[in-house]
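Here is the structure we will look at.
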2 protein chains.
Amino acid sequence: MNNTHIELRHLRLLQAVAEAGGLTAAAERLHLTQSAVSHQLKALEDALGLPLVERAARPLGLTAAGRRLLALAHAALPQVDAALRDLAKLKDGDAGELRIAVECHTCYDWLMPAMDSYRDVWPGVELDLLGGFQADPVGLLLDGRADLVITSEAGSRAGVVHAPLFGFEMLALLPPGHPLAAKKWLAPADFADQTLITYPVPEDRLDLVRRVLAPAGIKPPRREAQLTVAILQLVASRRGLAALPAWAVAPYLERGYVVARSIGRHGLWAELYAAVRAADAARAFVADFIDTVRRDSFARLPGIRAAVTPP
Amino acid sequence: MNNTHIELRHLRLLQAVAEAGGLTAAAERLHLTQSAVSHQLKALEDALGLPLVERAARPLGLTAAGRRLLALAHAALPQVDAALRDLAKLKDGDAGELRIAVECHTCYDWLMPAMDSYRDVWPGVELDLLGGFQADPVGLLLDGRADLVITSEAGSRAGVVHAPLFGFEMLALLPPGHPLAAKKWLAPADFADQTLITYPVPEDRLDLVRRVLAPAGIKPPRREAQLTVAILQLVASRRGLAALPAWAVAPYLERGYVVARSIGRHGLWAELYAAVRAADAARAFVADFIDTVRRDSFARLPGIRAAVTPP
DNA sequence: GTTCGATATGAGTGTTGTTCATGTAAACAA
DNA sequence: TTGTTTACATGAACAACACTCATATCGAAC
């Protein structure tokens, strides 16, 4: 029957479920409750008269019907997005300038590919990347020296909008065979007698220090390194511990170069935001840059989750 | 912006508006009120921040944005339909038998192409066409000698479901230059002294006689012909008048072979139904045959409208 | 067994799509 | 011109539906 009342909402739902590997995780991405996802999926299955997901398996598997519908989602949703982009260009024009300042060192890992995707669909937008460490990157927006800032601070300043990108886990990195590797997760006290290897930034910019160690009154010695590989090399050679975003270390973990542990019972989670001037937030090429980063990151980065603050 | 809440419903709406050339006509096809279509279109335009249709022109024109979105509809909706068909096959299987009996002579005009489209997507279904005039075609369903009957009678019999296909206008055909051609439409009395040329069927099967002439107490002489071309030839050579469905005579009208006039102020409209056994109505390959006929007919036949009885 | 993480379910609520009843505007006829 | 017809717009009332909240159920790990 073709009169089945199917909507793009259903396709987005199925895609999210398949990608997230579970209803709860899908709900988070869609900024819905788990209940809504469960209800909606059931309603869809009832309407079609076919089960779409294997409820037993974890990660959740799709049935043959589910896979067919997912194939439709993969075919149709990008077409829809492309059309909406074209409409946005018709409305706002398709040219502009986007000078991007980046606060976090490891962000280049995902920012570069995202910029490449973006360039494909907005060839008329001039992309610039501002280098060097900035004391007050959001200030650059108001100075007019940058148009978009990637930051981990949600702090809202007048005239600036912070759009949440995604949440990620900071993992503690240990050399293989380190005594602490026996634990499932590390408590603040575990860092007491360890050297901390970090990027060369002030202490209050390090989530591990500001949110975990400082509150616990622990102040381990620090050693700084400029590059991610250098930090990993120091950890691997047992000069100390480090804390880096999960996505940045995934390739090294696979090779067994270092091992990772969560920080605290539920892990140390941080968020990234794209800050733009309020006046620019509604401009199509700006809004779509943020969308592109979100989509691209979810497709590419392991161990990230939707931002808690809805976009 | 991509977070715009667009749904397949919107695409179907825009497609219907574009094809029907107006909101009112689109509403009829979608089995909605004109108000609903107007509201929904306005909501969509507001959400996108762009006008989609040129309200002034008649038939309604699309803006550049409307055309872009229509292109999306043309790309995406067939994919959706194909996916739903595949799901139906997964559910019910993809094979079956469909013996079709046809009551109306001119129906072969659209039935053949529709059957061709259908065969493409349901290669496993055995299609058969039952020939010859049937006194009680719906009876064949209950006898088990046919599986689907094309009929113009809505009359519901136990165990048989009548699915409306579309409404069409019966046009009165006159030779060019006939005195009655001066009128915009013909009244019952106009037929009083004219010979009526018809297919060889009982009088009570002729809509013109049963619904117009008989109630007015008019009983013109009849002359019968087997073939549509024969009827048209007799009309053109001034042997009498005929009444045929608009779609069946469109090509002859274009060539000026005959001229057509409405019967009555608002025209004489009839409907066609597909009758199937109630037990078969839910089977995917049966339901989709009916859908295919509807879609195909609307795409191909001029001067038809949605059935008044909602499907 | 208990606990934890994940999905299901029922009731209540807010949103939104639809209809109904008009209003308005343009085209056409008298 | 006025009346008539046809098509689209609009506001209020209603109905349907999607979502949330709270809670139940299920399964796996300990």
Side-chain angles (χ1 to χ4, degrees), chain A residues 3-14 16-18 20-47 51-63 66 183-185 262 264-267 305-306 308 310, chain B residues 3-14 16-47 51-63 66 182-185 262 264-267 305-306 308 310:
Chain A
N3 11 7
T4 307
H5 186 19
I6 188 173
E7 287 295 346
L8 291 179
R9 174 165 21 95
H10 299 305
L11 298 185
R12 297 192 205 279
L13 179 94
L14 191 69
V17 169
L23 304 204
T24 307
E28 190 176 67
R29 281 199 205 191
L30 298 168
H31 302 291
L32 291 174
T33 60
Q34 172 269 322
S35 178
V37 173
S38 178
H39 277 297
Q40 195 170 336
L41 183 61
K42 184 167 171 14
L44 180 59
E45 288 179 322
D46 288 353
L52 296 174
V53 309
E54 312 270 12
R55 311 307 172 106
R58 206 133 330 242
L60 232 58
L62 294 186
T63 64
K183 307 187 63 172
K184 268 226 126 122
W185 50 272
S262 287
R265 181 75 187 80
H266 298 285
R305 67 183 189 192
V308 257
Chain B
N3 12 7
T4 307
H5 185 20
I6 189 174
E7 286 295 347
L8 290 177
R9 173 166 23 95
H10 299 308
L11 298 185
R12 296 193 204 279
L13 178 94
L14 191 68
V17 169
E19 278 175 15
L23 303 206
T24 307
E28 189 175 68
R29 280 200 204 191
L30 299 168
H31 301 293
L32 290 174
T33 60
Q34 172 268 322
S35 179
V37 173
S38 178
H39 278 296
Q40 194 170 327
L41 183 62
K42 184 169 172 7
L44 180 59
E45 288 180 321
D46 287 353
L52 295 174
V53 310
E54 312 269 13
R55 312 303 173 110
R58 204 130 336 238
L60 232 57
L62 295 186
T63 64
K183 306 187 66 173
K184 266 224 127 124
W185 50 272
S262 287
R265 180 76 186 81
H266 298 286
R305 67 182 190 194
V308 258

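Treat the numbers as computed from the prediction; the structure is a model and nothing was measured. Lettering of chains follows the sequences in order, A, B, ..., and the numbering in each one begins at 1.
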Mind checking whether A:Arg55 and A:Leu41 have side chains closer than 4.5 Å, heavy atoms only?
-> yes
Quick one: on DNA chain C, does B:His10 or A:Leu41 contact a more 5' nucleotide (nearest heavy atom)?
-> A:Leu41
For A:Glu54, enumerate each residue passing the salt bridge (Lys or Arg N to Asp or Glu O under 4.0 Å) test, keeping only those at least two apart in sequence or located in another chain.
-> none
To the nearest angstrom, how far is B:His5 atom NE2 from D:dC19 atom P?
-> 8 Å
Calculate the interatomic distance between A:Glu28 atom CD and C:dA6 atom P; express it in whole Å.
-> 10 Å
Does B:Arg9 offer a backbone N or O that forms a donor-acceptor pair with the side chain of A:Glu7 under 3.5 Å?
-> yes
What distance do B:Leu8 atom CG and A:His5 atom NE2 have between them, rounded to the nearest 0.5 Å?
-> 9.5 Å
B:Arg55 atom CZ is separated from D:dA7 atom C1', nearest whole Å, by 12 Å
Between P of D:dA7 and CZ of B:Arg305, the distance in whole Å | 12 Å
Can you check whether A:Val53 reaches A:Glu45 side chain to side chain, under 4.5 Å on heavy atoms?
-> yes
Are there any protein N/O atoms within less than 3.5 Å of an N/O atom in nucleotides 20-29 of chain C, and if so, which ones and at what distance?
unit_1 : atom_1 : unit_2  : atom_2 : d
C:dC20 : N4     : B:Ser35 : OG     : 2.6

Whole-Å distance between C:dG10 P and A:Gln40 CD?
-> 18 Å
Whole-Å distance separating the CG atom of A:Leu44 from the P atom of D:dA18 | 10 Å
Do the non-hydrogen side-chain atoms of A:Val17 and A:Leu23 ever get within less than 4.5 Å of each other?
-> yes
Just to confirm, is there a sub-4.0 Å distance from OP1 or OP2 of D:dC8 to any side-chain nitrogen or oxygen of B:Ser38?
-> no
OP1 or OP2 of D:dA7 under 4.0 Å from side-chain N/O of B:Thr24 = no
Value in whole Å for how far the P atom of D:dC19 lies from CG of A:Leu23 = 14 Å
How many angstroms lie between CG in A:Leu13 and CZ in A:Arg29, if you round to the nearest 0.5 Å?
-> 12.0 Å
Protein-nucleotide distance (B:His266, atom NE2; D:dT4, atom C1'), rounded to Å | 12 Å
